[in-house]
Every structure is written in structure tokens, then in C-alpha cells.
Protein chains: 2
Amino acid sequence: MRISQLSAESGVPIPTIKYYLREGLLPQGDQTSATRAEYGRSHLRRLRLIRALLEVGRLPVAAIRQVIAAVEDEQIGFHDMLGTAHYALATPVEPHPDDEDWREARELVDRMISDLGWGVHPAAPTRDELAQTVVTLKRLGMPTSQEDLLPYATAAHDLVRELDITKIPFDGPRDVAVETLVICEVLYGKAFDVLRRLAQESESTRILDVTPCADDDPPRWTRP
Amino acid sequence: MRISQLSAESGVPIPTIKYYLREGLLPQGDQTSATRAEYGRSHLRRLRLIRALLEVGRLPVAAIRQVIAAVEDEQIGFHDMLGTAHYALATPVEPHPDDEDWREARELVDRMISDLGWGVHPAAPTRDELAQTVVTLKRLGMPTSQEDLLPYATAAHDLVRELDITKIPFDGPRDVAVETLVICEVLYGKAFDVLRRLAQESESTRILDVTPCADDDPPRWTRP
DNA sequence: ATCGCTGGATACTTTTACTATCCAATCATT
DNA sequence: AATGATTGGATAGTAAAAGTATCCAGCGAT
């Protein structure tokens, strides 16, 4: 498959494909001559993954590159590769250990993780990310305790254990495993997020006792 | 409070505050003379909300403006105001009704919402957002059925009904209600997202049977 | 009186994710 | 063999989003 065909099948413009090649998101094709390279199904697959992470997951290109680099670095062990992928999905947050609120939030997070018996690396950036959220909630006048967070943690754990993790082929090839992990995290994460908003609309409709709309009612809002 | 104090207390630079004023995110202060205006606690509060939505929720400024405009437009009824806020939080997605996969996904979404008995407006953009995610999952080789999605929907509904919605003061002033709604959606949404990733790391550690790390183990990865 | 801060307007910057253009090499087709 | 489209590689340009910086005249406190 040549680049024009790759572009046609994926719907991604050629200059964009070249950009991904430059950025190391997409591996080079099989160079058959100075001005020709052959791309295969794996490239198409990779391209679709990139677009999904960009458009649905809204991940920055740099994060995608990290995930891909981890997959392709054969030095890294399986577990660390998954870890790298994991942490690339986190929004970078720099800790403020000298801030009282921050330290308190971080302790809350650490205590909860240990109370739940979760096996999370002590230096995982995800801990800081959650701490940051807790601090922000407090600043907004909605202080959060472990008690408040626990139901969310339990629900998350249940979903992961019963659904997401069962989809990941831990015994298969590493690229397939990470890819599945990333897809599960990002896309099912997105799906859950939207479902939460749908449920929220439904509940606020119910509580306000608004008559549900008929199928042909006009929308009452417009995009700007 | 003058602008410099507002800046000092919020940690937001003065030019940025001026930018938010220009963009209509922050209401003008009480103009006491041609070159002086007075800002109050509500401005500080609003500023914190803006930063939370920007930094934690990663919402675009335009979406924040929409939410704020809905709050301040006294014409709009309570329920429609919440709706506007809701839909401003959605990632805009344009539907492709001529695409087979897309139509199928959209039907799946509509059927599920109706099977669940949820009261969601038939033209809610959130439906398209979920359909888009379903299409993407299919393109990535992980086709999703209603059966796959239902556990996530149920979990989302339970969390919203038992926790989020109880925090919203429906009988209080409208600005407080929307603000709480938005905070719940964005920040608890974020918290859940991080918790999901933590649970996922924990489970993959458990399944791969890796010995958990001691507190003083060095991190095995670094940010780029 | 004057010195620094303010509001308001305008212009500039940075980052991110692309697009566009150019060029010589080369492949397929005539 | 001529030719015309396509390719890889390099470089440069663009668009949008979210700030930042600068300038200016007016006020207010010292």
C-alpha cells in the first residue's frame, strides 16, 4: 500500500500522515526505493488508533508518542510498558508539597489507595492528579473526604475488574495488549463520561418534574 | 477589592483577568470612576470556577462562556439553563447520518436510552457524542453492543442518583445550582476518570503478579 | 504635584496540530 | 525512451486557542 492509498483508506490527508511519520507516531514504511515505501495493514491500524486517541481521547500528540515509544522499546518489560502507557494518559500535574491543602489532599489519596489495598506505584503521577482534583474541589467550596470518594473508587474498581481488564489479552503480543489497554482506558473512559452526563440530564429532568420531550420537539438550544 | 488584589488572591495574572473580562467569563466590577472598579467575593469565586474548568476540566473558554451566559440570562428557565450547561460540556461532534456505521451506533444509543427509561432530550448532542465513541470503538476492532455498554450506564446512573444529584440545590438560587452541577460533572467526572486509571493499574499489577513496590522504590519512568 | 495604579484598547506571543510547497528520484505508461 | 504522476524528505507556513505585553490617559493617595 502506498501513502496515497493509506490516506484514502484512513481518511487522513497525506501531509498529516507525513507529519505523524516525522513525529514518530507512525513507523516508517518498508522502503523499496529512494522514493517509494510500502505501508501495510498495521499502519492503517496504527493510524486509526492515533486518530481515536486524538479526536475521542483528546490526547496530545506528545502523549501518544510516549505510549508508542514504550510499545516499541523491547527493553522495557511488559508491566513497565503498561505503566508507561498508563502514565502517558495522565494529565501532567506538578505537586506543591509546600502547600497545606495539597499535602492534605495527597495524604487523603494515599490513605484511600492503601485502605482499598490497591497495588499502585507509590510514585505514580496519577496520585498527584487525583490530589490536584481534590484540592480544586476544596477551593471551590466542596471539600471532599475519603468517604465521599470511596463510592466512586469502588464503582471504578468494579467496572475495571469485571469489564475492562477482561478485554486485555495479557498473554498475547505486547503491542496488542497495550493497544487494548489504551483503547479501554480512553474510549470506555469517554463512553462512561458521556453516560454520566446522560444520566445526569435524565435525573435532573426527573427531579424538576419536567415533561419529557416528544421525538419531534425542536431543540431548545443551539450551538454558538 | 481592586484588580491587583483579585489577581493576588486568585493567583491569576492581571492581563489574564482582563482577558476573561473581555471574553465575558468574568462580570465587570462595580465601576466607581473612569479608572477604578471594585471587585467582590463573587468575582474571586467565579475566577476559581473558571480556572477549575480550564485546568482540571480542560474545557475551552468558549464552552465556559456558554455556561455563564446561560446562568446570567434570566429569560431562560431553570431546566433549560441546566440543559445549556450540560450541552456546553459536551465535545462538539457532527453527525454523519449517511454513514452506515454511524446510523447503527446512533440507533444503539437511542435504543439503550429508551430501554433504560432515561429522560434525555431526543436532540441532545450527548447522544451523538456517545454514538461517535461507539463508531470509533468499532473501527478499532472492538465492536460494542448495548449489552457491553449497559453495565457502564447502570454504574453511571447509580453514581449520579446516589451522589452527584443529591449535592445540587435545586431549590436554591440558579447560579449556585448550575455552578454545583458543573462542578459535579466536571470535577467528579475527573476524579472518577483518575480513579478508573488507578484501579486499572492496580488490576494489571495483580494479574501480572508483580510484587508491589515499596514506598521508597524509585520510579521506573520519567516524564519527557 | 506627582507617582503609581487602573481600565480600556490593541498588538504580540506561544503552543499545538496540522498544511502547503518544493524538489529530485522513480515508477508506470505510452 | 519519453513523459507525467507519485513519492519521500525537507522546509516553511497556517489556524486556533489562550494567554501576555504594551501603551495611554485618568484618577487618587501621599
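Chain letters run A, B, ... following the sequence lines, proteins first, then strands; residues in each count from 1.
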In whole angstroms, how far is the [atom2] atom of [N] from the [atom1] atom of [X]?
X: L47(B); N: dG19(D); atom1: CG; atom2: C1'; result: 14 Å
X: L6(A); N: dT6(D); atom1: CG; atom2: C1'; result: 15 Å
X: R65(B); N: dG19(D); atom1: CZ; atom2: P; result: 12 Å
X: L26(B); N: dG19(D); atom1: CG; atom2: P; result: 13 Å
X: L25(B); N: dA18(D); atom1: CG; atom2: C1'; result: 11 Å
X: I17(B); N: dG8(C); atom1: CD1; atom2: P; result: 14 Å
X: M1(B); N: dC5(C); atom1: CE; atom2: P; result: 18 Å
X: I14(B); N: dT22(D); atom1: CD1; atom2: P; result: 14 Å

Report the residue (L59(B) or Y39(A)) whose heavy-atom-nearest nucleotide on DNA chain D is the more 5′ of the two.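 Result of the comparison: Y39(A).
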First of Q31(A) and R36(A) reached from the 5' end of DNA chain D, by closest nucleotide: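 Upstream on the strand: R36(A).
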Any [X] side-chain nitrogen or oxygen under 4.0 Å from OP1 or OP2 of [N]:
X: Y19(B); N: dA17(D); answer: no
X: Y20(A); N: dA17(C); answer: no
X: S33(A); N: dC27(C); answer: yes

Which nucleotide wins on minimum distance to the side chain of [X], given the candidates [options]?
X: I3(B); options: dT20(D), dG7(C), dT7(D); answer: dG7(C)
X: K18(B); options: dG7(C), dC5(C), dA21(D); answer: dG7(C)
X: A37(A); options: dT7(D), dA18(D), dG8(D); answer: dG8(D)

R46(A) side chain reached by P27(A) side chain, heavy atoms, under 4.5 Å: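 A side-chain contact under 4.5 Å exists here.
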Which atoms form the tightest heavy-atom contact between A177(B) and P169(B), and what is the distance?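 Heavy atoms of A177(B) and P169(B) come nearest at CB-O, 3.7 Å.
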Less than 3.5 Å apart, any donor N or O on the side chain of Y87(B) or Q66(B) sitting next to an acceptor on the other?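 No.
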Using distance alone, with no hydrogens and no angle criterion, decide if H79(B) and T205(A) have a side-chain donor and acceptor under 3.5 Å apart. yes
With a 4.0 Å cut-off on heavy atoms, is [X] in touch with a base, just the backbone sugar-phosphate, or nothing at all?
X: E23(B); result: nothing
X: Q28(A); result: sugar-phosphate
X: L54(B); result: sugar-phosphate
X: R2(A); result: sugar-phosphate

Which is more 5' along DNA chain C, the nucleotide nearest Q5(B) or the one nearest R22(B)? Just name the residue.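 Between the two, 5'-proximity favours Q5(B).
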5' precedence on DNA chain C between T16(A) and T35(A) (nearest-nucleotide basis): T16(A)
W118(A) and H157(A) aromatic ring geometry - parallel, tilted or perpendicular at 30°/60° bounds: tilted
Taking N and O atoms by type only, does the side chain of R58(B) place a donor or acceptor under 3.5 Å from a partner on the base of dT16(C)? no
Check the surroundings of atom CZ in R65(A): do more than 12 heavy atoms from other residues, nucleotides or ligands lie under 6.0 Å from it?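 Check passes, neighbour count above 12.
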